[in-house]
Amino acid sequence: MKSKFYITTPLYYVNASPHIGHSYTTIAADVLSRYMRKKLGEENVWFLTGTDEHGQKIEKAAEAAKLTAQGFADCVVLKFKELWKGLNISYNDFIRTTEERHVKTVKNALEILYKKGDIYEDKYVGWYCTPCETFWIDSQVIDENCPDCKRKVERISETNYFFKLTKYQDWLLSYIKDNPDFIKPDSRKEEVLRFLELNKLNDLCISRPKERLSWGIPLPFAPGHVTYVWFDALVNYISAVGEFNADGKYQSRWWPAQLHLMAKDILRQHAVYWPIMLHALGIEMPESIFAHGWWMLEEEKISKSRGNVVNPVDIVRRYGLDAYRYFLLRDVPFGLDGNFSEEAVIKRYNSDLANDLGNLVYRTLTMIEKYFDGNIPDSKEGRIKYDLKGQKIINLIEGEDFVFKKVVGKAIEDYNFSQSLTEIWNIINLANKYVEETKPWNLAKESKQKELRAFITVLVKVIRNVAEELMPFMPDTSSAILEQLGKDKINKGDPLFPRLLS
RNA sequence: CGCGGGGUGGAGCAGCCUGGUAGCUCGCAAGGCUCAUAACCUUGAGGUCCUGAGUUCAAAUCUCAGCCCCGCAACCA
């Protein structure tokens with residue numbers, strides 16, 4: 001692990017409002033960023049997100065909304081930014097592909113590749129599906145219909161510009177093989193490898209004539225054409241954190257990225273197009289690319305006809321922000337697909353947050369009020385003699401090896417968020433058991449103050465450590481817990497997660 | 001021969017790569033306890049690990065064949 005951490009989400013396409021999927025990727029990136037800031041220091045972490053705003057779909061959507069393309073994009077960007085604020089996303093930078101810094105870098109990149117001969121002009125003859133913005137060759141088209149959307153395709157013949165993917169296919173294949181951590185998880189890496197082994201890449205058409213698409217970045221060497229969306233969008237990862245100097249050398253404090261995070265549907269672009277673009281530009285590869293799974297909406301069939309789609313804002317309003325963040329990262333191992341349902345959210349909320357965590361904090365606070373008059377016993381006051389079980393727990397959290405901290409951190413660094421949370425819950429459960437085994441109410445009756453003091457100290461330490469480790473996942477909850485335990489006089493107040501009736 | 005994911009106690013999953021007493025969470029049942037949010041703790045019931053064949057001393061785990069389910073849509077993470 002390097003001493004700095006640059007992480008990105010994909011640029012979200014602004015042809016509509018953000019949904020659960022966007023929030024998933026971004027929350028995961030946020031958790032990693034927060035964790036890394038704690039580990040490496042604030043100044044050594046850079047978290048980038050943003051929006052992809054060019055292309056035909058945007059142009060069309062804007063038209064439908066009776067706005068200019070830029071005006072339309074501006075509106076949707078606001079929605080994204082609002083959502084990120086609502087989800088407590090701690091991004092350092094938000095880049096839009098319509099910003100000058102980005103446009104400039106894209107143009108530079110295009111120019112460099114053109115001069116180098118990696119972009120060339122050619123006549124394209126074939127079929128084009130306007131709604132899909134996709135080119136098809138004869139064999140793919142079925143009765144002059146788009147194989148994807150089944151609508152009529154147009155026969156077109158036009159001059160376009162192509163990027164020489166073919167030239168670098170072998171290089172990419174061996175790069176991926178030589179760098180086993182480049183594409184994660186492994187199953188995805190295998191997918192890409194197999195794809196590269198079994199197929200011959202086609203050169204990528206990276207332009208659209210202006211007559212057909214005006215909403216894009218013009219090619220510097222062919223002003224009658226604009227760039228294709230993916231060529232535009234991927235470049236953001238470098239345009240946001242650096243620039244090309246006069247010699248065409250890219251310079252940046254943050255590059256290369258430690259991690260590009262995305263969902264599995266855009267792995268191809270990130271694992272094939274992007275590395276080749278970088279390589280052709282003479283730029284270092286990102287350290288790794290991670291493709292996570294999808295959330296399947298359980299009520300999908302219903303929601304399609306009824307039109308009520310799961311909206312992150314609604315879930316947060318109903319169950320709270322941290323419950324949402326917790327659910328997404330806990331319920332399904334990162335990388336696999338999951339099923340989203342409110343029922344599942346409620347289950348997690350009640351059993352994990354209310355019964356386990358919330359209740360542990362609450363019962364502990366109550367005991368501090370009851371047995372110690374609201375003052376947390378000072379652990380410095382004399383040596384504390386823990387009982388055997390208490391000592392075991394203390395060893396886990398503050399023994400030489402800091403086992404607890406280590407296993408939680410290790411899982412996060414492996415991008416295994418659910419595992420990390422499971423480890424945290426293991427110690428929460430251990431603490432709940434410890435209460436049962438120690439029976440503090442008996443100690444109180446027998447006025448065993450010393451024992452009681454040691455007992456409470458164990459619980460307080462567990463809770464503090466849990467809050468500490470939970471910070472990247474549930475920042476608000478962690479702060480609330482630490483604040484409560486930081487007061488001179490405990491006032492337990494309301495439970496953190498009141499049970500929900502389902 | 002389209003692509004991809006998957007079939008493990010009532011539900012949701014882990015285990016499979018690197019074969020060797022089948023594990024977790026929820027639910028259910030009984031009991032315990034009272035500091036606590038009808039919470040917490042203990043114990044228990046419940047499984048042909050899709051089918052068949054093969055490899056092996058040994059297969060949920062490896063090989064082959066077959067069956068079945070899901071997505072391939074949108075706001076596409």
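Proteins come first, then strands; the chains are lettered A, B, ... in the order of their sequence lines, and each starts at number 1.
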Integer-rounded Å distance: [N] [atom2] and [X] [atom1]:
{"X": "Asp265(A)", "N": "G4(B)", "atom1": "CG", "atom2": "P", "answer": "16 Å"}
{"X": "Phe340(A)", "N": "A77(B)", "atom1": "CZ", "atom2": "P", "answer": "17 Å"}
{"X": "Arg348(A)", "N": "G12(B)", "atom1": "CZ", "atom2": "C1'", "answer": "9 Å"}
{"X": "Ile428(A)", "N": "C40(B)", "atom1": "CD1", "atom2": "P", "answer": "12 Å"}
{"X": "His22(A)", "N": "C75(B)", "atom1": "NE2", "atom2": "C1'", "answer": "7 Å"}
{"X": "Phe327(A)", "N": "G12(B)", "atom1": "CZ", "atom2": "C1'", "answer": "11 Å"}
{"X": "Gln419(A)", "N": "G15(B)", "atom1": "CD", "atom2": "C1'", "answer": "13 Å"}
{"X": "Lys492(A)", "N": "A39(B)", "atom1": "NZ", "atom2": "C1'", "answer": "13 Å"}

On the nucleotide [N], are OP1 or OP2 found under 4.0 Å from the side-chain N or O atoms that [X] carries?
{"X": "Trp441(A)", "N": "U34(B)", "answer": "yes"}
{"X": "His19(A)", "N": "C75(B)", "answer": "no"}
{"X": "Lys79(A)", "N": "C75(B)", "answer": "no"}

Next on the checklist: Less than 4.0 angstrom from a charged side-chain N to a carboxylate O is my criterion; do Asp387(A) and Lys392(A) meet it?
Outcome noted: no

Checklist entry - Between Thr97(A) and Asp232(A), do the side chains contain an N or O donor and an N or O acceptor separated by less than 3.5 Å? => result no

Checklist outcome for this item: Comparing His292(A) with Leu496(A), nearest RNA chain B nucleotide closer to 5' gives the residue Leu496(A)

Next on the checklist: With nearest nucleotide decided by heavy atoms, which residue, Glu437(A) or Phe497(A), maps closer to the 5′ end of RNA chain B?
Outcome noted: Phe497(A)

For [N], what is the paired nucleotide under Watson-Crick or G-U wobble rules, both distances under 3.5 Å?
{"N": "U34(B)", "value": "none"}
{"N": "G9(B)", "value": "none"}
{"N": "C62(B)", "value": "G54(B)"}
{"N": "C72(B)", "value": "G2(B)"}
{"N": "A29(B)", "value": "U43(B)"}
{"N": "A22(B)", "value": "none"}

Rounded [atom1] spacing from [N] to [M] in Å:
{"N": "C16(B)", "M": "G23(B)", "atom1": "P", "result": "15 Å"}
{"N": "G52(B)", "M": "A60(B)", "atom1": "P", "result": "12 Å"}
{"N": "A11(B)", "M": "G27(B)", "atom1": "C1'", "result": "7 Å"}
{"N": "C13(B)", "M": "C3(B)", "atom1": "P", "result": "25 Å"}
{"N": "G6(B)", "M": "C62(B)", "atom1": "P", "result": "12 Å"}
{"N": "U25(B)", "M": "U34(B)", "atom1": "P", "result": "25 Å"}
{"N": "A30(B)", "M": "A45(B)", "atom1": "P", "result": "15 Å"}
{"N": "G2(B)", "M": "A65(B)", "atom1": "P", "result": "15 Å"}

Checklist entry - Would you say the side chain of Asn355(A) and the base of A39(B) hold a donor-acceptor pair, judged only by whether the two atoms sit under 3.5 Å apart? => result no

Ignoring the backbone of [X], work out which of [options] is nearest its side chain.
{"X": "Tyr362(A)", "options": "U42(B), A36(B), A77(B)", "answer": "A36(B)"}
{"X": "Glu436(A)", "options": "U25(B), G32(B), U37(B)", "answer": "G32(B)"}
{"X": "Arg363(A)", "options": "A77(B), C35(B), C41(B)", "answer": "C35(B)"}
{"X": "Thr366(A)", "options": "A73(B), C35(B), U25(B)", "answer": "C35(B)"}
{"X": "Tyr371(A)", "options": "U37(B), A77(B), C35(B)", "answer": "C35(B)"}

Checklist entry - Among Tyr319(A), Phe340(A), Tyr349(A), which residue meets the ring-ring contact (aromatic ring centres under 6.0 Å, His included) test with Phe327(A)? => result Phe340(A)

Item to check | Proximity of Tyr24(A) and Trp295(A) rings by center, below 6.0 Å | outcome: yes

Item to check | Within the 6.0 Å centroid threshold, strictly below: Trp274(A) and Tyr237(A) | outcome: yes

Across the strands shown, which category fits [X] at heavy-atom distances under 4.0 angstrom: base, sugar-phosphate, nothing?
{"X": "Pro333(A)", "result": "nothing"}
{"X": "Met367(A)", "result": "base"}
{"X": "Pro495(A)", "result": "base"}
{"X": "Asp356(A)", "result": "sugar-phosphate"}
{"X": "Tyr12(A)", "result": "sugar-phosphate"}
{"X": "Leu365(A)", "result": "nothing"}

Next on the checklist: Syn or anti for A38(B), given that syn means the glycosidic angle lies within 90° of 0?
Outcome noted: anti

Checklist entry - Is there side-chain contact between Glu369(A) and Lys489(A), with at least one heavy-atom pair below 4.5 Å? => result no

Checklist entry - Between atom CZ of Phe5(A) and atom CG of Leu259(A), what is the distance when rounded to the nearest 0.5 Å? => result 5.5 Å

Next on the checklist: To the closest 0.5 Å, what do you measure between CG (Asn359(A)) and CG (Asn432(A))?
Outcome noted: 6.0 Å

